[in-house]
Amino acid sequence: MRSFYLTALVLGLLTAVGPLAINMYLPALPVIEDVFDTDTATVQLSLLSFFVSMSLAQLIYGPLSDMFGRRLPLFIGLTLYLLGAVGSALAPDIQWLIAARALQGLGAAAGMVIARAVIRDLYTGPQAAQLMATLMLVVSIAPVLAPLAGSAALAAGGWRTIFWSMAAAAIAALVLLTTALKETRPPEQRGDSSLARSLRDYASLLREPRFLGIVFVGAFGLASFMAYVANSSFILIEYYGLSPTQYSLAFSINAAGFIGVAQLNGYLSRRFGLGPMIRFATAANVAVMLLLLITELAGIATLPVMIVLLLCGYAFLGLVVPGTAVLALEDHGEKAGTASALMGALQFMTATVMIGIAGAFFDGTPIPMIVAIAACSVIAFALAMLSVPRKEAQIPAE
């Protein structure tokens, strides 16, 4: 059991550099908009460039981790992340920042893909669900604490200090990778792995309706949260008038439900099965998000109402996102890296598209953001009803 939680801690800290790069600079987005004398849509490109590069790079890291093991691609990714963070801190204009964030996204993709593959290397079934949930707990500390840390860095040294802090986190992650993570895909398991094999595996996975359906359930669940991430600082700071610190606290509240409920994955998947758990969670999530949309359109969604409903809705995503990741990879142990890469790429590309759509309709009010969130929830629910099994045998813990 000690090794179980140590593995979760190591993988969580290695993976957390990605969420850190997303959430830590959110309080500074309005400041960056003013400093570079640009508009909201252009500033959001620094987030979109990160998502696009991270999405596409996952398709590369997955096969690399199957061919060369898990550790080497992680070293490469963390190094690129470090260079991107330093480049962002030194950015003289918004175009430079957008490019540096793209480089940072190339690096962040490594941890996002390979951590899931390591879990599949070591565990399956409810134990994998529990480890995935524990990993989500460690990783989710970043969305909770990162905006607060970003606000503190913004107040202490300006927005560039935020990216220097990310660079320091990358160095710490490199040290941790060197000292605390053993190789989980030894050379004797890499014999069948090659670029040609990976391309065939991608083609095979893209022809699996069940795999794609489950992946996109998680994708639209993630997209509903990322639509909030991309727009929340402008809504809460500029529309509702919160300070950066107050915004960080409000954002952390919304993430708290996701973190807490995610820890029930292991218990609920053993008790009811992964499929039924995911179906219930998507149904509950869409009900809450549609209620939020109705209250917003009716003009009665005050800031406390919005925060409470988002807290409840995102809490159910704590069952959907890790649960779909386990279910999608369950039957693909021999190509876990490739399957994890395709899943991650599809999920973040979906999130990128939804961020772009919400940004295109941004009018300074919460309505476009909430419409995007509700639309993602509806699609995730519909796909879950079509793709996720209604009943399944309970799987004993290994």
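Note that the structure is predicted; figures quoted are calculated from it, not measured.
The shortest side-chain heavy-atom distance between T352 and M226 does not fall under the 4.5 Å cut-off. Looking at heavy atoms from C-beta onward, F163 lies in side-chain contact with R101 at the 4.5 angstrom threshold. Proximity of L26 to V229: side-chain heavy atoms (C-beta onward) are separated by under 4.5 Å at one or more points.
Criterion: ILVMFWY side-chain heavy atoms under 4.5 Å apart, direct or through other members. Under it, V288 and L290 are not part of a common hydrophobic cluster. Under the 4.5 Å side-chain heavy-atom criterion for ILVMFWY residues, no single connected hydrophobic cluster contains both M166 and L82. Residue F362 is grouped with residue L303 when hydrophobic side chains (ILVMFWY) are merged at heavy-atom distances under 4.5 angstrom, including chains of intermediate members. W96 and L103 fall into different hydrophobic clusters, where Ile, Leu, Val, Met, Phe, Trp and Tyr residues are linked whenever their side-chain heavy atoms come under 4.5 Å apart, directly or through other members. Taking hydrophobic clusters as Ile, Leu, Val, Met, Phe, Trp and Tyr residues chained together by side-chain heavy-atom distances below 4.5 Å, I171 does not share a cluster with L20.
Using modelled atom types, no side-chain atom of E238 and backbone atom of G364 make a donor-acceptor pair closer than 3.5 Å. Side-chain atoms of Q104 never come within 3.5 Å of backbone atoms of F50 as a donor-acceptor pair (strictly under, hydrogens ignored). A donor-acceptor pair under 3.5 Å is formed between the side chain of S151 and the backbone N or O of P244. Judged by distance alone, the side chain of S46 and the main-chain N or O of L97 form no donor-acceptor pair under 3.5 Å. Checked by atom type and distance alone, the side chain of S387 never pairs as donor or acceptor with a backbone atom of A384 at under 3.5 Å.
Remark: I214 CD1 to L327 CG distance equals 4.0 Å, nearest 0.5 Å. The structure places OG of S204 at 12.5 Å from CG of L199, a figure rounded to the nearest 0.5 Å. Residue L177 holds its CG atom at 10.0 Å from CG of L11, rounded to the nearest 0.5 Å. The line from CD of Q58 to OG of S53 is 10.0 Å long, rounded to the nearest 0.5 Å. Going from atom CG of L383 over to atom OG1 of T282 covers 9.5 Å, rounded to the nearest 0.5 Å. The distance from atom CG of L242 to atom CG of L249, rounded to the nearest 0.5 Å, is 9.5 Å.
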| Worked check of side-chain contact (heavy atoms from CB on, under 4.5 Å) between F225 and V321 | CA-CA 11 Å; F225 184 68; V321 176; over 6 Å; no
| said: If you apply the rule side-chain contact (heavy atoms from CB on, under 4.5 Å), what do you find for F75 with L174, and how did you get there? | reply: CA-CA 7 Å; F75 276 113; L174 282 167; 3.9 Å; yes
| Verdict with supporting geometry, V17 and L78, side-chain contact (heavy atoms from CB on, under 4.5 Å) | CA-CA 9 Å; V17 294; L78 286 171; 4.0 Å; yes
| said: Show, in sequence, the C-alpha distance, side-chain angles and deciding distance for V378 and F220, and conclude whether the side-chain contact (heavy atoms from CB on, under 4.5 Å) test is met. | reply: CA-CA 9 Å; V378 169; F220 280 99; over 6 Å; no
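For the side chain to side chain contact (heavy atoms under 4.5 Å, CB included) criterion with L297, the lone passing option out of L293, T295, I294 is L293.
What you find for A339 and L205 is that their closest heavy atoms are CA-CD1, 3.7 Å. Here the closest heavy-atom approach between residue Y61 and residue G107 is recorded as OH-CA, 3.9 Å. T324 and G218 get closest at one heavy-atom pair: OG1-CA, 3.5 Å. Residues P366 and M306 approach most closely at CB-SD, 4.4 Å, considering heavy atoms. Pairing each heavy atom of L29 with each of S233, the nearest pair is CD1-OG, 3.7 Å. For the pair R70 and S65, the tightest heavy-atom approach, listed with the atom from each and the gap, is NH1-OG, 2.9 Å.
The number of heavy-atom neighbours closer than 6.0 Å to CG of D37, taken from other residues, nucleotides and ligands shown, is 12 or below. Around CZ of F280, the count of heavy atoms belonging to other residues, nucleotides or ligands within 6.0 Å does not exceed 12. Annotation: F361, atom CZ; neighbour count of heavy atoms from other residues, nucleotides and ligands within 6.0 Å does not exceed 12.
For the residue pair Y25/S88, the side-chain donor-acceptor check at 3.5 Å is not satisfied. A donor atom on one side chain and an acceptor atom on the other are not found under 3.5 Å apart for T365 and Y239. Remark: the D39 side chain and the T42 side chain contain an N/O donor-acceptor pair separated by less than 3.5 Å.
Here the two rings, on F251 and Y228, have centers that are under 6.0 Å apart.
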